Number of protein chains: 2
Amino acid sequence: MARRSDHTKEQIKEMALSAAEKLVTRDGLQGLSARKIAHEIGYTVGTLYLVFENIDELISHVNARTLDMLYESLLAATVSCRQPRTCILAIGRAYVEFATRHPHRWKMIFEHNLAKGVEAPQWYRMKVNRMFELVEQQLQPLLAGQSRKKIAQTAKTLWCGVHGICALAVTNKLEVDDAQSIQTLTDSLINHFVAGIAADIPV
Amino acid sequence: MARRSDHTKEQIKEMALSAAEKLVTRDGLQGLSARKIAHEIGYTVGTLYLVFENIDELISHVNARTLDMLYESLLAATVSCRQPRTCILAIGRAYVEFATRHPHRWKMIFEHNLAKGVEAPQWYRMKVNRMFELVEQQLQPLLAGQSRKKIAQTAKTLWCGVHGICALAVTNKLEVDDAQSIQTLTDSLINHFVAGIAADIPV
DNA sequence: ACCTGAACACCGTTCAAGT
DNA sequence: ACCTGAACACCGTTCAAGT
């Protein structure tokens, strides 16, 4: 058992988060528990409550790290693309790729529901919003003259759609399973949606 | 405590499912437990294991009932519409309406993940598939000449998209909260997607 | 035959007591 | 000051024992 002053609070926090990541990656949210994390880092459960308010806060921090990884992947996908449509396709493919490569980490972001009425903290919402902004940037030229709000709404619409396909595919609720087929669906959604924007139908 | 022969196995099953529905409606999947269900119906936990294999099987049956309710709602939405596009919009609105009216029941369908490698039983998948078929029927005239498989894939693409919007909205992960705004997004997705189909872009 | 009640191996969370 | 370890109120699941 680790004793006093072996590690600073910051170090324990880091050790706990990284142990949690390991456990989630292997067994998903179901396989995560305060006791298992504590055991993994050589402390007792009580210690976790000295550095985290509760298990939900710990999970939020793991999710924040996952969001950072995801954002990096999506950002990387936008560097070598030219037209808006192909950029959006590239972001979509990066999203599918991430979800299928890190299914448990990715799913936990959405499985972890905050207590009723509790809002996610500002820093967390920022991490989510900048993901939508990547899509907004690409939609801008396609929606020239439209308000910022309208563009943001369009990005949400499209991206929630892409997310829905991933979510049902990764949880085996669709009858497609490999990344290839999921990509066919997300490509199709993006292509049709973008074509629909081009057709400029009134909504 | 209920004693022998007070109820048949079928009656206990029905009582348990209906107690579970009540608990889920109020407190969501988190608030559901075998012990609470048993207490609600006046039996001990052990009895539940005489009529259900485990809690997962019980939850699957509650979900099956929710799927039946949902299917009825979607079906009802298709009776008084004329064009494919307006029919799909109507089904989408019925879906949003159901998800926002019965958030816990609706969410549990997707929160409940089967054990790894275990497939949902045939009767369950049928209930899911007939929902997609409602959309396929409406897409058919828009995709005249396309293969059944292609039409099925298009229905999945669109409906997963609609689902994604609902899912993120109902779990407060979007910054829209009332059914009105969700509907704006799903309407937009459907309208753009259908317009994209009409534009007949190659995918 | 039907159901109980206690047991087992787990949870998250708290906090008096030890070093 | 830092961390433990035991307690509390919960889980799902099993099964010998009671009626």
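We use all heavy atoms of the structure for the numbers below, so side chains are in, but hydrogens, waters and symmetry mates are not. None of these values were measured; they are calculated from a predicted model. Chain identifiers are assigned alphabetically (A, B, ...) following the order of the sequence lines, protein sequences preceding nucleic acid strands; residue numbering begins at 1 within each chain.
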*If we call it a pair only when both distances are under 3.5 Å in a Watson-Crick or G-U wobble match, what pairs with D:dT4?*
C:dA16
*For residues B:Thr100 and B:Trp106, determine if any side-chain heavy atom of one lies less than 4.5 Å from a side-chain heavy atom of the other.*
no
*Output yes when a side-chain donor or acceptor of B:Asn54 lies under 3.5 Å from a complementary backbone atom of B:Glu57, and no otherwise.*
yes
*Are any of the side-chain nitrogens in A:Lys156 or B:Glu175 under 4.0 Å away from the carboxylate oxygens of its partner?*
no
_On DNA chain C, compare the nucleotides closest to B:Val45 and B:Lys9; which residue's is nearer the 5' end?_
B:Lys9
*Hey, can you tell me if A:Trp159 and A:Tyr95 have their rings parallel, tilted or perpendicular (30° and 60° cut-offs)?*
perpendicular
*Can you check the A:Tyr43 OH to C:dT19 P distance for me, whole Å?*
18 Å
*Pull out every residue in residues 46-64 of chain B that has a heavy atom closer than 4.0 Å to any atom of DNA chain D, ordered by number, or say none.*
B:Gly46, B:Tyr49, B:Asn54, B:Ile55
*Report yes or no: does B:Lys107 contribute a side-chain atom to a donor-acceptor pair with the main-chain N or O of B:Gly28 at less than 3.5 Å?*
no
*Hey, are B:Glu97 and B:Arg93 close enough for a salt bridge, meaning a charged N less than 4.0 Å from a carboxylate O?*
no
_Full working for side-chain hydrogen bond (donor to acceptor under 3.5 Å, both in side chains) between A:His104 and A:Asp27_ = CA-CA 7 Å; A:His104 288 141; A:Asp27 303 321; over 6 Å; no
*Protein-nucleotide distance (B:His112, atom NE2; D:dG12, atom P), rounded to Å*: 12 Å
*side chain to side chain contact (heavy atoms under 4.5 Å, CB included) between A:Arg65 and A:Arg105: does it pass, once the steps are laid out?*
CA-CA 10 Å; A:Arg65 291 184 175 205; A:Arg105 292 286 300 270; 4.0 Å; yes
_B:Leu23 CG to D:dC10 C1', straight-line distance once rounded to whole Å_ = 15 Å
*Find the distance A:His39:NE2 to C:dA9:P and express it as a whole number of Å.*
16 Å
*Using Watson-Crick or G-U wobble geometry with both distances below 3.5 Å, tell me the partner of D:dC11, or none.*
none
*Can a salt bridge be assigned to the pair B:Glu133 and B:Arg148 using a cut-off of 4.0 Å between side-chain N and carboxylate O?*
no
*asked:* Between P on C:dA1 and CD1 on B:Ile12, what's the gap in Å once rounded to a whole number?
replied: 16 Å
*Considering only heavy atoms, which members of residues 25-37 of chain B lie under 4.0 Å from some atom of DNA chain C?*
B:Arg35
